[in-house]
Amino acid sequence: MILSFDQPYDWPALVKFFAARAIPGVDKVDGETYSRSFALGRNQGSFSVTAKQDCLVVGVAARGKPDAKLLADKLRRLFGLDAPGKVIAAHLRRSETLARSLKKRPGLRVPGAWDPFELGVRAILGQQVSVAGATTLAGRIALKFGKKLKTNAPGLTHLFPTAETVAEANLQGLGLTTRRAATITGFAKAVCITPGLLDSSKPLDDFVADLKNLNGFGPWTAHYMAMRLGYTDAFPASDLGIRKALAMAPEKEILARAETWRPYRASAAMHLWMSLGD
């Protein structure tokens, strides 16, 4: 499968982001190749993605014949292939705060997510915990409760468990705090009861408000999930990395500065995070 994109497109930055968050047994990064297990309907398998000059090359190994269009659509969202990169860059370049990062990373995209529920669990695990710590915990959940992958893919052994499975799971003994485990269980049950909870076609304010109604969810978790699910104006203003990039400015001041970045505050957040490594 070949997936085209418009230049500039920063594949190495995406791979770096996914590598730090790869769930053991579910997805992985080897060099600049991203791979993961997946299930689409009754079909399951794995895919590996590499980049060429103007396209992504996707290799798929699956049991059955997964819907090719659905798979392609999900991959395009996962890798931000349809984002109006040049338009976003032109808009954000007017900000002195972001100009240096934009010059260095003109093709930076907001990483998407393969599965909204998996993303939600990861976001909960990432509350006040390091990326590495959250990755370890996510791997424990996947390996204990996820179905084993039936195709042979080196390093990929499991599917991430569904909301239905996690809602009934006993999360004790995995290293989670009691509160964090309760938040994950409550989230899984809410997804089962309200299928539209993670529908990313509704307005951003509604998406955020629906998540904030859940126990253990605040603005950071809701906005982080929203930006990974395609909301271009989502902005987790309380994020420590964003605050560090902005000299630990108060959240109120950060939100005021971010007004000029609308409607692409999610991309601004990515540039702020990436600038910490400069």
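Only this structure's heavy atoms are used, side chains among them; waters, hydrogens and symmetry mates stay out.
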N/O donor-acceptor pairs under 3.5 Å from side chains in residues 205-216, not counting sequence neighbours:
residue, atom, partner, partner atom, Å
Asp210, OD2, Lys202, NZ, 2.7
Asn213, ND2, Ala209, O, 3.3

What donor-acceptor contacts under 3.5 angstrom involve side-chain atoms of residues 233-245, with partners at least two apart or in another chain?
residue, atom, partner, partner atom, Å
Asp233, OD1, Arg265, N, 3.4
Asp233, OD1, Arg265, NE, 3.2
Asp233, OD2, Arg262, NH1, 2.5
Asp239, OD1, Trp220, NE1, 2.9
Asp239, OD2, Gly241, N, 2.9
Asp239, OD2, Ile242, N, 3.1
Asp239, OD2, Trp273, NE1, 2.7
Arg243, NE, Ala249, O, 3.2
Arg243, NH2, Met248, O, 3.4

Looking only at heavy atoms, what is the nearest atom pair of [X] and [Y], with distance?
{"X": "Ala68", "Y": "Met1", "value": "O-CE, 4.0 Å"}
{"X": "Lys28", "Y": "Ala22", "value": "CA-CB, 3.9 Å"}
{"X": "Asp6", "Y": "Arg109", "value": "O-NH2, 3.0 Å"}
{"X": "Val26", "Y": "Ala142", "value": "CG2-CB, 3.6 Å"}
{"X": "Gly31", "Y": "Val29", "value": "O-CG1, 3.4 Å"}

- Do Leu176 and Ile184 have side chains that get closer than 4.5 Å, going by heavy atoms? yes
- Side chains of Ile23 and Thr135: does their closest heavy-atom pair fall under 4.5 Å? no
To the nearest 0.5 angstrom, please state how far the [atom1] atom of [X] sits from the [atom2] atom of [Y].
{"X": "Leu98", "Y": "His271", "atom1": "CG", "atom2": "NE2", "value": "7.0 Å"}
{"X": "Trp261", "Y": "Leu255", "atom1": "CH2", "atom2": "CG", "value": "10.0 Å"}
{"X": "Tyr231", "Y": "Ser200", "atom1": "OH", "atom2": "OG", "value": "5.5 Å"}

Please say whether more than 12 non-hydrogen atoms of neighbouring residues, nucleotides or ligands are located less than 6.0 Å from [atom1] in [X].
{"X": "Asp199", "atom1": "CG", "result": "yes"}
{"X": "Glu259", "atom1": "CD", "result": "yes"}
{"X": "Asn43", "atom1": "CG", "result": "yes"}

- Task: For Arg140, enumerate each residue passing the side-chain hydrogen bond (donor to acceptor under 3.5 Å, both in side chains) test, keeping only those at least two apart in sequence or located in another chain.
- Result: none
- Query: Does Trp11 have its ring centroid less than 6.0 Å away from the ring centroid of Phe79?
  - Reply: yes
- Give a yes or no on whether a salt bridge exists between Asp10 and Arg105, defined as a side-chain N under 4.0 angstrom from a carboxylate O. no
- Item | Same apolar cluster: Ile124 and Met225, side chain cutoff 4.5 Å | yes
- Message: Please determine whether residues Leu159 and Ile141 belong to a single hydrophobic cluster, defined as Ile, Leu, Val, Met, Phe, Trp and Tyr linked transitively by side-chain heavy-atom distances below 4.5 Å.
- Response: no
- Task: Any side-chain hydrogen bond (donor to acceptor under 3.5 Å, both in side chains) involving residues 144-156? Give me the pairs, sequence neighbours left out, ordered by first then second residue.
- Result: none
- Will you find, in the side chains of Thr221 and Gln127, an N or O donor that is under 3.5 Å from an N or O acceptor? yes
- Task: Go through the side-chain N and O atoms of Arg36 and Ser46 and say whether any donor and acceptor fall under 3.5 Å apart.
- Result: no
- Please state whether the rings of His91 and Tyr264 are parallel, tilted or perpendicular, taking 30° and 60° as the class boundaries. perpendicular
- Pairs touching residues 174-200 that satisfy ring pair (Phe, Tyr, Trp, His ring centres under 6.0 Å), sequence neighbours left out: Phe117-Phe187, Phe187-Phe217
Taking only distance into account, with no hydrogens and no angle test, what donor-acceptor pairs under 3.5 Å do side-chain atoms of residues 166-175 form with protein atoms, sequence neighbours excluded?
residue, atom, partner, partner atom, Å
Asn170, OD1, Gln172, N, 3.0

